[in-house]
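Input: a single structure, listed below in structure tokens.
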Amino acid sequence: METTSSVRGMNDLLPPESAKWAHLERVCRELFARFGYDEVRPPVVEHTELFVRGVGEGSDIVHKEMYTFRDRSDRSLTLRPELTAGLARAYIEHSMSAKEAVTRWWSLGPVFRYEAINTGRYRQFYQIDCEAYGVGEPTLDAEVIAMLHALYTALRVEPITILVNNVGRGEDRGRYREALIAYLTPHADGLCGDCKRRLVTNPLRVLDCKVETCKAIVAGAPSVLDFLGPAASEHFAAVQATLTELGVPFTVAPRLVRGLDYYTGTVFEFTTTAGNLGSQSTIVAGGRYDDMIGELGGPATPAIGFGIGVERTVLCMPGDAATYAPPVGLFIAAHGAAARRRATALAHTLRQAGIVVEVEHREVGMKAQFRRADKLGARLSLALGESELASGEGKLKDMAARAEHPVVLSDLLATIQRLLA
RNA sequence: GUGGGUGUAGCUCAAUCGGUAGAGCACCAGGUUGUGGUCCUGGGUGUCGUGGGUUCGACUCCCAUCAUCCACCCCA
């Protein structure tokens with residue numbers, strides 16, 4: 001029988017790794033709630049047009065990485081390559097701006113990009129996004145960055161570097177773009193092939209090139225920060241001042257740019273050397289996109305958001321994945337059918353009281369049962385055989401200490417709660 | 001898309017110069033133990049990724065292909 005494998009770049013998430021993911025999601029859920037974010041779940045598939053307009057034709061994502069197909073009605077659909085555009089579509093479609101002045105949403109799910117597979121990079125991967133609509137003030141920018149700082153602190157991911165920049169908007173951005181082209185054009189011969197193309201299609205991305213010769217040229221390029229008008233400069237200064245007041249460490253990175261076209265003004269990126277991510281050291285990135293809602297046909301609405309790379313973040317979280325799973329409180333080893341029934345009933349009661357209980361349902365020897373209790377890391381074990389059934393008493397064994405505690409089976413819960421406390 | 005590494009038991013990996021494969025882990029049983037986890041003994045499975053080529057003979061050499069990992073590019 002020929003077996004089938006998963007699609008290249010699309011992987012199964014299995015235990016114990018899944019426990020680490022669950023922990024990340026749990027921490028996010030609680031933290032985001034404290035900051036006023038509500039969960040939303042948009043579809044995985046959208047009209048292709050949304051990403052072309054939202055993410056931008058100049059981006060590599062739209063250019064060559066989308067999973068685009070025609071459905072049976074001959075509509076062009078695309079598996080979302082990121083979450084922000086779909087969430088913006090939902091925000092507009094449900095007239096959120098008319099319902100509330102400020103909307104804070106978060107979402108989690110798979111996104112798809114057809115690209116080369118590498119460490120922390122897959123064709124189906126997961127992002128956790130937060131988006132805040134309706135506020136253009138710099139204190140929100142700082143709040144968002146501070147929330148992420150709190151998140152990674154809670155996850156014990158370190159060291160973290162927070163890079164912040166302002167890529168300008170409107171006329172400021174246009175003037176900088178012209179100045180950058182004016183500077184780069186005489187050096188065009190020294191740029192790599194990609195950058196020669198970028199010079200025409202998306203000059204700001206040249207700033208982000210990793211090729212040494214390009215970096216050398218970029219080192220002398222004008223800084224976007226020198227082209228910000230008074231309003232943008234003031235905004236960026238306020239973001240920094242607020243971050244400082246919140247005690248969030250950050251570095252201004254004038255050459256930090258984002259790969260998606262929609263960003264305006266404040267952009268940021270968290271990187272880490274943890275997890276051996278190599279060149280894929282960015283674990284979360286985001287920024288303002290004050291023009292996108294309007295460009296997608298909604299009312300002009302300022303917005304800011306970020307996308308957390310789940311796989312990369314999980315790789316950076318310390319400790320073995322298994323340590324994130326809830327520990328087994330009690331393992332019940334049973335000998336014989338009658339004992340198994342009693343064990344099943346006892347376990348049911350204990351589980352309803354919140355204890356993690358594992359019962360050996362197979363007919364195997366005691367030795368194998370205790371071996372399994374040991375492997376599962378059970379805190380306590382209880383052997384149930386004919387004598388225990390007859391007397392209604394047993395011995396709770398502390399697996400680590402190898403000490404045994406007599407227990408009356410009818411009083412099992414209280415004894416266990418005392419021992420596990 | 002470009003460059004490099006690796007594909008052998010369920011998992012992690014060995015196999016000399018080319019002579020049709022082995023260990024650990026895991027699993028079960030037995031010994032010891034209090035019917036009882038760490039110690040000891042025993043128990044078995046491989047289209048050697050796939051297809052072709054060279055050879056008397058290929059896990060080993062060659063070509064192709066697929067998968068996987070790493071770097072680059074790009075991004076989260």
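Residue numbering restarts at 1 for every chain, and letters A, B, ... go by the order of the sequence lines.
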List the atom pairs, with distances to 0.1 Å, where a side-chain N or O of residues 407-421 of chain A and a protein N or O form a donor-acceptor pair under 3.5 Å, not counting sequence neighbours.
unit_1: A:Thr415; atom_1: OG1; unit_2: A:Asp411; atom_2: O; d: 3.1

**OP:** Name the nucleic acid region contacted by A:Arg121, choosing base, sugar-phosphate or nothing; use a 4.0 angstrom heavy-atom cut-off, strictly under.
**Re:** base
Original post:
With no hydrogens and no angle check, is any side-chain donor or acceptor of A:Thr264 less than 3.5 Å from a backbone partner on A:Asp290?
Top reply: yes
Original post:
With sugar-phosphate meaning primed atoms plus P, OP1 and OP2, does A:Phe125 contact a base, only sugar-phosphate, or nothing at under 4.0 Å between heavy atoms?
Top reply: base
Original post:
At under 4.0 Å between heavy atoms, what does A:Glu311 touch on the DNA or RNA strands: base, sugar-phosphate, or nothing?
Top reply: nothing
**OP:** Give A:Glu404 one of three labels, base, sugar-phosphate or nothing, depending on what nucleic acid heavy atoms sit under 4.0 Å from its own.
**Re:** base
Original post:
Which part of the nucleic acid, if any, lies within contact of A:Gly365, taking any heavy atom under 4.0 Å across all strands shown: a base, the sugar-phosphate backbone alone, or nothing?
Top reply: sugar-phosphate
Original post:
Between the base of B:rG31 and the side chain of A:Lys367, is there a donor-acceptor distance below 3.5 Å?
Top reply: yes
Subject >> Given RNA chain B, 5'-ward residue of the pair A:Ala285 and A:Asp398, judged by closest heavy atom >> reply: A:Asp398
**OP:** Give A:Ile283 one of three labels, base, sugar-phosphate or nothing, depending on what nucleic acid heavy atoms sit under 4.0 Å from its own.
**Re:** sugar-phosphate
Original post:
Which part of the nucleic acid, if any, lies within reach of A:Val364 when heavy atoms closer than 4.0 Å are counted: base, sugar-phosphate only, or nothing?
Top reply: sugar-phosphate
Subject >> Nucleotide B:rG37, atom P - distance to CE of A:Met366 in whole Å >> reply: 11 Å
Original post:
If pairs are Watson-Crick or G-U with both distances under 3.5 Å, what is the dot-bracket string of RNA chain B, marking crossing pairs with [ ] and pairs to another strand with |?
Top reply: (((((((..((((.....[..)))).(((((.......))))).....(((((..]....))))))))))))....
Original post:
Base, sugar-phosphate alone, or nothing: which one does A:Gly307 contact when heavy atoms must sit under 4.0 Å apart?
Top reply: sugar-phosphate
Subject >> Non-hydrogen side-chain atoms of A:Phe268 and A:Phe250 separated by less than 4.5 Å >> reply: no
Original post:
Contact class for A:Lys375 (heavy atom, under 4.0 Å): base, sugar-phosphate, or nothing?
Top reply: sugar-phosphate
Original post:
Which part of the nucleic acid, if any, lies within reach of A:Ser387 when heavy atoms closer than 4.0 Å are counted: base, sugar-phosphate only, or nothing?
Top reply: nothing
Polar pairs (N or O, both sides) under 3.5 Å between protein and nucleotides 1-4 of chain B?
none

Original post:
Should A:Thr119 be listed as having a side-chain N or O under 4.0 Å from OP1 or OP2 of B:rC70?
Top reply: yes
